[in-house]
Q: 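I have a structure I would like to understand better, so I am pasting it below and will then ask my questions one at a time.
Bear in mind the structure is a predicted one, so any value in this text is a computation, not a measurement.
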Amino acid sequence: DAEGYKARRKKQIEREAFRRAEEALKRGRSVQLNPMTAAERKIVHIALRDRSDVTTVSEGREPNRSVVISPVE
């Protein structure tokens, strides 16, 4: 963990998750994030799990699995 890289990366992923969740709500349709590692996808799922307005699901095959964020209808 050179110079707090993991903590910085976690915050970066969380910010992206929140931003893309808002995008999904604004557009009224699902948005797909770039492919991520399992650990990074887990950060997204945890960051958004308490929100009742969006859902998350991992799709694809390794190493190209990504998170899809969808608005709740």
Q: Are the charged groups of Arg27 and Glu23 less than 4.0 angstrom apart, N to O?
A: yes
Q: Would the distance check show the side chain of Arg20 and the main-chain N or O of Val68 forming a donor-acceptor pair, the cut-off being under 3.5 Å?
A: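 Side chain of Arg20 to backbone of Val68, a donor-acceptor pair under 3.5 Å: no, none is there.
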Q: What's the separation between atom CD in Glu59 and atom OG in Ser66, rounded to the nearest 0.5 Å?
A: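 Nearest 0.5 Å value for the CD-OG distance: 6.5 Å.
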Q: Does any non-hydrogen side-chain atom of Ile69 lie less than 4.5 Å from one of Leu48?
A: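 Yes - at least one pair of side-chain heavy atoms lies under 4.5 Å apart.
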Q: Could you go step by step and tell me if Thr55 and Val72 meet the side chain to side chain contact (heavy atoms under 4.5 Å, CB included) rule?
A: CA-CA 7 Å; Thr55 60; Val72 172; 3.7 Å; yes
Q: Report the distance from atom CD of Gln12 to atom CD1 of Ile43, rounding to the nearest 0.5 Å.
A: 10.0 Å
Q: State, to 0.1 Å, how close Pro71 and Ala24 come at their nearest heavy-atom pair, and which atoms those are.
A: CG-O, 3.7 Å
Q: Does this structure show an ion pair linking Arg9 with Glu40, if we count only N-O contacts that are shorter than 4.0 Å?
A: yes
Q: If every non-hydrogen atom of Pro63 is compared with every non-hydrogen atom of Pro35, which pair is closest and at what distance?
A: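 That closest heavy-atom pairing would be O-CB, 4.3 Å.
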Q: Is there a side-chain contact between Gln32 and Val67, using heavy atoms and a 4.5 Å cut-off?
A: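 No, their side chains stay 4.5 Å or more apart.
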Q: Do His45 and Ser58 have side-chain heavy atoms sitting under 4.5 Å apart?
A: yes
Q: Can you find a pair of side-chain heavy atoms, one from Val54 and one from Leu25, that are under 4.5 Å apart?
A: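 The answer is yes, as the side chains (C-beta and beyond) meet within the 4.5 Å cut-off.
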Q: I'd like to check Phe18 versus Arg51 (side-chain heavy atoms, cut-off strictly below 4.5 Å). Are they in contact?
A: yes
Q: Would you call Glu62 and Arg41 a salt bridge, taking side-chain N to carboxylate O under 4.0 Å as the test?
A: yes
Q: Less than 4.0 angstrom from a charged side-chain N to a carboxylate O is my criterion; do Glu16 and Arg19 meet it?
A: yes
